[in-house]
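In what follows, chains carry the letters A, B, and so on, assigned in the order in which the sequence lines appear, proteins first and then strands, with residues in each chain numbered from 1.
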Amino acid sequence: MIDFTEAQLDRYSRHILLKDVGIEGQERLLSAKVLIIGAGGLGAPVALYLAAAGVGTLGIADGDNVDLSNLQRQIIHFTKDISRAKVVSAAEKIRALNPDVKVNAIQEHVFADTIRDIIRGYDFVIDGTDNFAAKFLINDACVMEDIPFSHGGIVRFTGQTMTIVPGQSACYRCVFTAPPPKNAVPTCSQAGVLGAVAGMLGTIQAAEALKFITKTGTLLTDRLLTFDALTMDFRKVTLHKQSHCAVCGENPTISALVDEEQAVCDFKNSKGLHATH
Amino acid sequence: MELKVNGEAKSVSADPLSISDLLKLFKVEMPDMVSVQLNGTFVDRPTFGVTLIKDKDEIDFLYYMGGGQ
Ligand SMILES: [Zn+2]
């Protein structure tokens, strides 16, 4: 049992008023640990909403520095933060927003040999990365460590997300098998993205994390939600866990993590696996 | 034949019709960037050209979306 202070009862009153959340749900939030991988377009709104919600421990993993071209959508970073480490910039905003939150700033990109140690101990993981190598790596690591996570992807005016509960629901690899061929992936500078689309998708991921922690509602599992902001068409496609999935199937062929080769799409940040648009 | 493509009823006259044919018919420019679900099962990409679609089938095109930063 957490003894709520007067200030906490006030700060979280709109959660406590929700009968599906209440004091018990808020206690769960304050005791929860969520890791956000990527402090960018998706990670920014996720971090702000989870901090505001009082998620007790927020891990943020990202090895990049803030670039001027990030500010069009990465709303946790301000003009004064240009050239600062993204995790330092994000941690500062989170602490200013809610001192109840303990921040673990992890100033590195995730790789095959480090990711399992990084994610271990967290209750839920947010994929806020911008490349397929990292998305598949996060999926496989979360399946192996049995940690639920939210997949998110955005490009131009569109977004997609699904929540994965390993062992129970379809994983990212059940749907997308393997990264697409590099020459088929449009370069990030060609693709572009509407800033608010990152906010729309990231906010859905944050809501899923809050639902998971408070055990509220029905998670976006076994369904891929896609939307097109140009028309505001939203669609959910029902999916199933695939028995032949290479990582979560009956006879998994992936037993060790590997770093996939990744198309680099920003010359300023062309240091290996990770790249920013 | 009558199909359900991405949740919408579609009438297609071509027969036989493979997944690859359908992708062309629906002007999917980069088939490498799409995962195809046929009646609830994902189709292996190398078999798109030989997997035939029949009347009343339900097909979903799911696009890879790699962005996030
Ligand atoms: Zn799977």
Only heavy atoms, only distances under 4.5 angstrom. Which residues in residues 1-22 of chain B are near chain A?
B:Asn6, B:Gly7

So what's closer than 4.5 Å to chain B heavy atoms on A:Thr158: side chain, backbone, both or neither?
both

Exercise: identify the closest heavy-atom pair between A:Ala112 and A:Asp259:
N-OD1, 2.8 Å

Against chain A, label B:Asp60 side chain, backbone, both or neither, depending on which of its atoms sit under 4.5 Å from a heavy atom there.
side chain

If you compare all heavy atoms of A:Ala178 against all heavy atoms of A:Arg173, which two are closest, and at what distance to 0.1 Å?
CA-NH1, 4.0 Å

Select, from A:Gly153, A:Pro179, A:Ala39, the one with the greatest count of heavy-atom pairs under 4.5 Å involving chain B.
A:Gly153

Main-chain N/O of A:Gly199 paired to A:Thr203 side chain as donor or acceptor, under 3.5 Å:
yes

Donor-acceptor contact below 3.5 Å, side chain A:Asp140 vs main chain A:Leu137
no

Considering non-hydrogen atoms only, spot the tightest contact between B:Asp32 and A:Pro180 and give its length.
O-CB, 3.8 Å

Atom pair OG/CG of A:Ser150 and A:Leu220 - distance to nearest 0.5 Å:
7.5 Å

Taking side chain as everything from C-beta outward and backbone as N, CA, C, O, which of these in A:Val175 sits under 4.5 Å from a heavy atom of chain B? Side chain, backbone, both or neither.
both

Quick one: do A:His151 and A:Gln205 satisfy side-chain hydrogen bond (donor to acceptor under 3.5 Å, both in side chains)? Show the steps, please.
CA-CA 8 Å; A:His151 154 73; A:Gln205 292 185 284; over 6 Å; no

How far apart are the closest heavy atoms of A:Ala206 and A:Tyr49, and which atoms are they?
CB-CB, 4.0 Å

Residues at least two apart in sequence or cross-chain that pass ring pair (Phe, Tyr, Trp, His ring centres under 6.0 Å) with A:Phe136, listed by chain then number, are A:Tyr172

Is a side-chain N or O of A:Lys135 found less than 3.5 angstrom from the main chain of A:Asp127, in a donor-acceptor match?
no

Result for side chain to side chain contact (heavy atoms under 4.5 Å, CB included) between A:Ser169 and one of A:Leu239, A:Thr163, A:Asp222 points to A:Asp222

Tell me whether A:Gln107 contacts the main-chain N or O of A:Ala105 through its side chain, where contact means a donor paired with an acceptor under 3.5 Å.
no

Backbone of A:Ala134 reached by a side-chain donor or acceptor of A:Asn131 within 3.5 Å:
yes

With distance as the sole test, does A:Lys93 use its side chain to make a donor-acceptor pair with the main-chain N or O of A:Ile76 at under 3.5 Å?
yes

Is the backbone N or O of B:Tyr63 less than 3.5 Å from a side-chain atom of A:Gln160, with the two atoms forming a donor-acceptor pair by type?
yes

With chain B, which of A:Leu42, A:Thr177, A:Leu201 has the greatest number of heavy-atom pairs at distances under 4.5 Å?
A:Leu42

Considering only heavy atoms, give the residues of residues 35-54 of chain B separated from chain A by less than 4.5 Å, sorted numerically, with 'none' for an empty result.
B:Ser35, B:Gln37, B:Gly40, B:Thr41, B:Phe42

Can you check whether anything in residues 223-234 of chain A gets within less than 4.5 Å of chain B, heavy-atom wise, and list it by number?
A:Leu224

With chain B, the option among A:Cys174, A:Gly43, A:Ala44 that has the most non-hydrogen atom pairs under 4.5 Å is A:Cys174

Taking all non-hydrogen atoms of both residues, which atom of A:Leu71 and which atom of A:His77 are closest, and how far apart?
CD2-O, 3.4 Å

